[in-house]
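Input: a single structure, listed below in structure tokens.
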Amino acid sequence: MPSDLHLHTIYSDGSFTPEEIIKYAKALGLSYISITDHDILDSYSQIENVTSKVKIIPGIEIGCEGEGNIEEIHILGYVIDIEDQGMRDFLAPIRERREERVKKIVKKLQSAGIKIDYEEVKNVSGPGAIGRLHIARVLFDKGFSSSVLSCFDKYLSFGKCGFVERENLPKPEKAIETIKASGGIPVLAHPYDTIGLLPSLIKIGIMGVEVVHPKIDPNLSKLLRRKALEYGLLVTGGSDCHGKMKGEDVFLGKWTIDDQDVERLLLKEIF
């Protein structure tokens with residue numbers, strides 16, 4: 001049976017509620033799912049009373065300081081204790097810095113003559129971790145470009161009028177340490193451009209690598225599996241579904257891994 005271990009909800013930059021994610025996963029016949037919202041665990045408080053045949057692996061996705069010409073590295077954490085205070089204390093200031101960045105971006109856009117305000121972005125982000133995709137959604141809704149992603153590229157990417165660099169990102173070793181301290185398994189997310197960092201990340205405790213993702217083609221997926229075998233890493237994968245937030249097709253369940261990979265993950269069974 002297939003499993004999708006990379007999903008986002010309204011608590012980060014997705015358009016689905018946690019309940020909708022579970023409903024769709026059940027309809028697709030998925031065995032396991034993991035909600036891996038950016039820097040926030042609030043979705044899990046909404047699914048405590050939801051009954052489903054779909055098994056849910058607690059997860060998180062943490063943006064970390066990059067290395068060399070890589071601006072940012074994303075670390076997934078699986079099988080974490082969602083009540084762990086150390087994890088919650090670690091995530092809270094990251095979300096505060098997200099808000100500060102969004103406010104700076106809005107001011108830059110305003111200075112460029114674009115009519116947008118912070119409250120509009122906050123209305124889109126709702127109760128979760130705010131970010132650039134929410135700004136892009138507001139710009140799209142206001143007709144600034146033909147798609148959410150083109151708004152992102154045109155106004156918010158590096159060198160554009162609304163670009164503001166993320167500051168004070170946690171170092172990967174701190175994210176890895178915090179995930180492990182909460183009982184979890186740290187995994188390198190979507191390494192389509194960060195595969196070269198695997199050796200250095202292994203030295204600081206990474207335990208797995210994502211081998212299935214929309215941006216990972218079949219050849220790279222095979223290479224990543226070989227690297228996982230070579231380095232003794234667990235493998236994960238998923239659709240990185242954001243629902244309709246990006247204005248694209250809903251990818252939930254389109255990129256999956258087999259149950260045997262998930263069961264090794266749950267057992268922390270290194271190859």
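The structure displayed is predicted, hence computed values, not measured ones.
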Hey, are [X] and [Y] close enough for a salt bridge, meaning a charged N less than 4.0 Å from a carboxylate O?
{"X": "Lys174", "Y": "Glu177", "answer": "yes"}
{"X": "Glu230", "Y": "Arg225", "answer": "no"}
{"X": "Asp81", "Y": "Arg88", "answer": "no"}
{"X": "Arg166", "Y": "Glu65", "answer": "no"}

Same hydrophobic cluster for [X] and [Y], using side-chain heavy-atom links shorter than 4.5 Å among ILVMFWY?
{"X": "Ile10", "Y": "Leu252", "answer": "no"}
{"X": "Val262", "Y": "Val187", "answer": "yes"}
{"X": "Tyr155", "Y": "Phe163", "answer": "no"}

Just by distance, do the side chain of [X] and the backbone of [Y] share a donor-acceptor pair under 3.5 Å?
{"X": "Glu20", "Y": "Thr17", "value": "yes"}
{"X": "Asn168", "Y": "Pro170", "value": "no"}
{"X": "Ser12", "Y": "Asp37", "value": "no"}
{"X": "Thr256", "Y": "Gly253", "value": "no"}
{"X": "Asp117", "Y": "Glu120", "value": "yes"}
{"X": "Ser34", "Y": "Ile57", "value": "yes"}
{"X": "Lys154", "Y": "Ser145", "value": "no"}
{"X": "His8", "Y": "Thr36", "value": "yes"}

Q: Count the heavy atoms belonging to other residues, nucleotides or ligands that lie under 6.0 Å from NZ of Lys108, then report whether that count exceeds 12.
A: yes
Q) What do the steps show when you test Tyr11 against Gln46 for side-chain contact (heavy atoms from CB on, under 4.5 Å), and what is the final call? A) CA-CA 10 Å; Tyr11 287 93; Gln46 303 301 308; 3.1 Å; yes
Q | Flag side-chain contact, heavy atom, 4.5 Å: Cys241 against Trp255 | A | no
Q | Note, Glu167 side chain near Arg97 side chain (heavy atom, < 4.5 Å) | A | no
Would you tell me whether [X] and [Y] have side-chain atoms, one donor and one acceptor, within less than 3.5 Å of each other?
{"X": "His134", "Y": "Asp13", "result": "no"}
{"X": "Asp259", "Y": "Ser31", "result": "yes"}
{"X": "Asp84", "Y": "Ser182", "result": "no"}

Q. Where do Ile216 and Ser221 come nearest, in terms of heavy atoms and distance?
A. CG2-N, 3.6 Å
Q | Shortest non-hydrogen contact between Leu30 and Val54, atoms and distance | A | O-CG2, 3.7 Å
Rounded to the nearest 0.5 Å, what's the gap from [atom1] on [X] to [atom2] on [Y]? Could you check?
{"X": "Arg101", "Y": "Glu165", "atom1": "CZ", "atom2": "CD", "value": "8.0 Å"}
{"X": "Leu109", "Y": "Leu156", "atom1": "CG", "atom2": "CG", "value": "6.0 Å"}
{"X": "Leu139", "Y": "Asp141", "atom1": "CG", "atom2": "CG", "value": "9.0 Å"}
{"X": "Ile94", "Y": "Asp39", "atom1": "CD1", "atom2": "CG", "value": "5.0 Å"}
{"X": "Gln110", "Y": "Cys161", "atom1": "CD", "atom2": "SG", "value": "12.0 Å"}
{"X": "Tyr192", "Y": "Glu210", "atom1": "OH", "atom2": "CD", "value": "10.5 Å"}

Q. In this structure, which one of Ile73, Ile62, Leu188, Leu197 forms a side-chain contact (heavy atoms from CB on, under 4.5 Å) with Pro172?
A. Ile73
Q: Classify the angle between the aromatic ring planes of His38 and His74 as parallel (below 30°), tilted (30 to 60°) or perpendicular (above 60°).
A: perpendicular
Q: Could you list who else is in Leu169's hydrophobic cluster, with ILVMFWY side chains joined at under 4.5 Å, directly or through other members?
A: none
**Q.** Pairs where residues 197-209 contributes a residue and the test salt bridge (charged side-chain N to carboxylate O under 4.0 Å, His left out) is met, not counting sequence neighbours
**A.** none
